[in-house]
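This report refers to the structure that appears directly beneath it.
Every number for a ligand or one of its atoms is a count from 1 in the order of the listing. Fair warning: this is a prediction, and the values are worked out from it, not measured in the lab.
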Amino acid sequence: MALRVTVIGTGYLGATHAACMAECGFQVLGVDVDQGKVATLSQGQVPFYEPDLAELIQRNVSLGRLRFTTSMAEAAAFGDVHFLCVGTPQFPGGLGADLSQVHGAISELGPHLQRQCLVVGKSTVPVGTAERLVARLAELAPAGGDVELAWNPEFLREGYAVKDTLRPDRIVVGTRSSLAEKILRELYSVQLEDGVPFIATDLTTAELVKVAANSFLATKLSFINAMSEVCELTGANVTELAHALGYDQRIGKSYLKAGLGFGGGCLPKDIRAFMARAEELGVDQIVALLSEVDKINLRSRSRMIDLARQQCGGDVSGKRIGVFGAAFKPRSDDVRDSPALSVAVELQSQGAAVCIYDPAANANAQALFPSLEYAACAVDAASGADLLLHMTEWDEFRALDPEELSGVVQSKRIVDGRNALDAEKWRLAGWSFRALGAANAGQAP
Ligand code: NAD
């Protein structure tokens with residue numbers, strides 16, 4: 001009989017994973033403690049913005065392959081495989097990961113496990129967590145040794161989550177037995193037939209692959225942002241520099257774009273959690289490296305604020321600033337640790353009136369920062385502005401017409417925090433155009 005799957009935690013990762021497992025033909029039950037989320041998903045709707053996910057959920061819910069519940073007892077009775085997809089945010093007031101959702105889910109699930117099953121961790125956790133969960137499950141589960149744990153880190157990118165889940169770059173599984181590996185191969189048979197590389201390893205290595213991958217990506221981004229400071233001071237062009245570097249196959253083009261840096265619910269908290277874990281392990285070099293990566297990233301935000309202040313004549317107080325973007329990246333409504341919002345909030349605290357427009361994230365941003373102003377479109381956000389800031393790289397912003405905006409702003413000034421707009425187009429329309437890290441020397445005032 002086909003394996004039956006549960007997905008515990010139906011946020012950005014879990015809802016996508018549940019829908020994609022159902023799309024691959026499995027019977028799937030999603031479990032969440034959030035009743036509102038469960039109700040929305042059960043109606044075939046998605047409680048957040050993720051391209052292509054709504055169709056997938058809708059289809060699989062109506063086909064009866066995908067259901068949602070708040071009952072862990074129901075999940076335990078239903079599933080042969082339980083994917084653990086709960087959140088692992090940064091611990092408030094510290095660098096480490098807050099594992100309370102992981103421990104909570106295991107404590108709730110464990111006592112209901114009466115028969116043979118595989119629990120598969122997908123959440124990003126500090127190295128060593130899985131081994132501790134093996135012991136915890138052994139204590140809690142009535143089925144004892146028939147309950148096994150495996151780790152299968154997730155590498156999906158928000159904005160491309162469906163594509164990345166259905167056709168990932170690679171599948172990494174950490175297991176403690178050949179049976180667990182066999183079950184995971186069966187679960188991912190669609191992907192394996194499609195030629196996706198499958199890397200089977202131990203629990204600890206699997207946990208560490210994810211943390212190392214995010215640390216590397218963060219380092220790459222901070223490297224190019226550190227280079228952009230050199231470019232600013234010397235008159236070099238960081239976009240052309242990155243373009244030239246990217247042709248080197250050992251370096252590659254992706255994650256080499258200078259700008260406002262990284263944010264979101266993964267990279268910042270993952271590198272901080274790794275710093276905390278490396279400190280416990282006494283690996284000081286990793287702590288020093290990632291601490292510098294984090295500082296360079298946060299410095300990009302202060303450089304953006306400095307540039308905005310400079311464009312406002314040295315003081316933003318009393319100025320009206322239109323902000324394009326609130327999400328931490330385009331194609332997402334996720335505002336967790338968003339660089340755009342952190343800059344917007346700081347400018348407001350320095351006395352500016354800030355009006356934001358994001359194609360998908362206005363509601364989430366407003367829930368977090370109700371004192372900022374929100375507009376229904378880019379033109380409204382720009383209305384009466386002394387300065388415009390481009391902070392999230394949506395296609396919609398690249399397509400904006402500077403001639404049209406000229407008619408609504410107070411002053412034709414824009415700062416591109418993502419090195420993504422067409423500078424020539426804006427300058428030809430008479431705008432003062434500045435970009436974070438780009439060569440700004442000799443440009444119109
Ligand atoms: P999220 O906060 O969107 O989702 C977590 C969900 O778990 C929430 O819906 C929450 O209500 C639910 N939950 C909490 N405790 C629960 C419990 N005891 N039982 C059932 N449900 C419970 O987080 P996310 O962005 O989906 O991330 C989840 C994990 O995946 C994190 O470890 C993250 O680092 C990792 N990850 C996320 C992404 C991403 O792009 N979002 C990518 C790769 C890995």
N/O to N/O below 3.5 Å, does that happen between [X] and ligand 1?
X      : answer
Tyr12  : yes
Arg336 : yes
Arg157 : no
Gly14  : no
Glu158 : yes
Lys37  : yes
Asp270 : no

For [X] and [Y], does a side-chain donor sit closer than 3.5 Å to a side-chain acceptor?
X      : Y      : result
Tyr357 : Glu373 : no
Gln90  : Asp98  : no
Glu50  : Thr16  : no

Salt-bridge present (Arg277, Glu207; N to O < 4.0 Å): no

Ion pair Asp395/Arg398, N-O distance below 4.0 Å: yes

CA sep, side-chain torsions, deciding dist, call: Asp202, Arg176, salt bridge (Lys or Arg N to Asp or Glu O under 4.0 Å): CA-CA 7 Å; Asp202 54 83; Arg176 302 175 82 237; over 6 Å; no

Can you report which non-hydrogen protein atom sits closest to [atom], along with the distance?
atom                    : answer
atom 27 (O) of ligand 1 : Leu13 CB, 4.3 Å
atom 43 (C) of ligand 1 : Glu154 O, 3.3 Å
atom 31 (C) of ligand 1 : Thr88 OG1, 3.4 Å
atom 11 (O) of ligand 1 : Asp32 OD1, 2.6 Å
atom 4 (O) of ligand 1  : Gly11 CA, 3.3 Å
atom 22 (C) of ligand 1 : Val86 CG1, 3.5 Å
atom 35 (C) of ligand 1 : Thr124 OG1, 3.6 Å
atom 42 (C) of ligand 1 : Leu156 O, 3.6 Å

Close-contact set for ligand 1 against [X] heavy atoms, below 4.0 Å:
X      : result
Gly9   : 6 (C), 7 (O), 12 (C), 20 (C), 21 (N)
Lys269 : 32 (O), 33 (C), 34 (O)
Lys210 : 43 (C)
Glu108 : 18 (N)
Ala105 : 18 (N)
Ile8   : 19 (N), 20 (C)

Sub-4.5 Å side-chain heavy-atom contact between Leu133 and His103: yes

Does only the side chain of [X] get under 4.0 Å from ligand 1, or the backbone, or both, or neither? Count heavy atoms.
X      : result
His103 : neither
Cys266 : side chain
Val125 : neither

Candidates Arg301, Arg299, Arg272 - the one meeting salt bridge (Lys or Arg N to Asp or Glu O under 4.0 Å) with Asp294: Arg272

Is the charged tip of [X] near the ring of [Y]: under 6.0 Å from the six-membered ring centre and within 45° of its axis?
X      : Y      : answer
Arg331 : Tyr160 : yes
Arg65  : Phe26  : no
Arg418 : Phe397 : no

Proximity of Phe198 and Tyr188 rings by center, below 6.0 Å: no

Which atom of Ala130 lies closest to which atom of Leu149, heavy atoms considered: O-CD2, 3.3 Å

Closest non-hydrogen atom pair, Asn214 against Ile271: O-CG2, 4.2 Å

Derivation and outcome, side-chain hydrogen bond (donor to acceptor under 3.5 Å, both in side chains), residues Asp334 and Ser332: CA-CA 5 Å; Asp334 194 343; Ser332 174; 4.9 Å; no

The one among Asn214, Leu109, Val33 that brings a heavy atom closest to atom 19 (N) of ligand 1: Val33

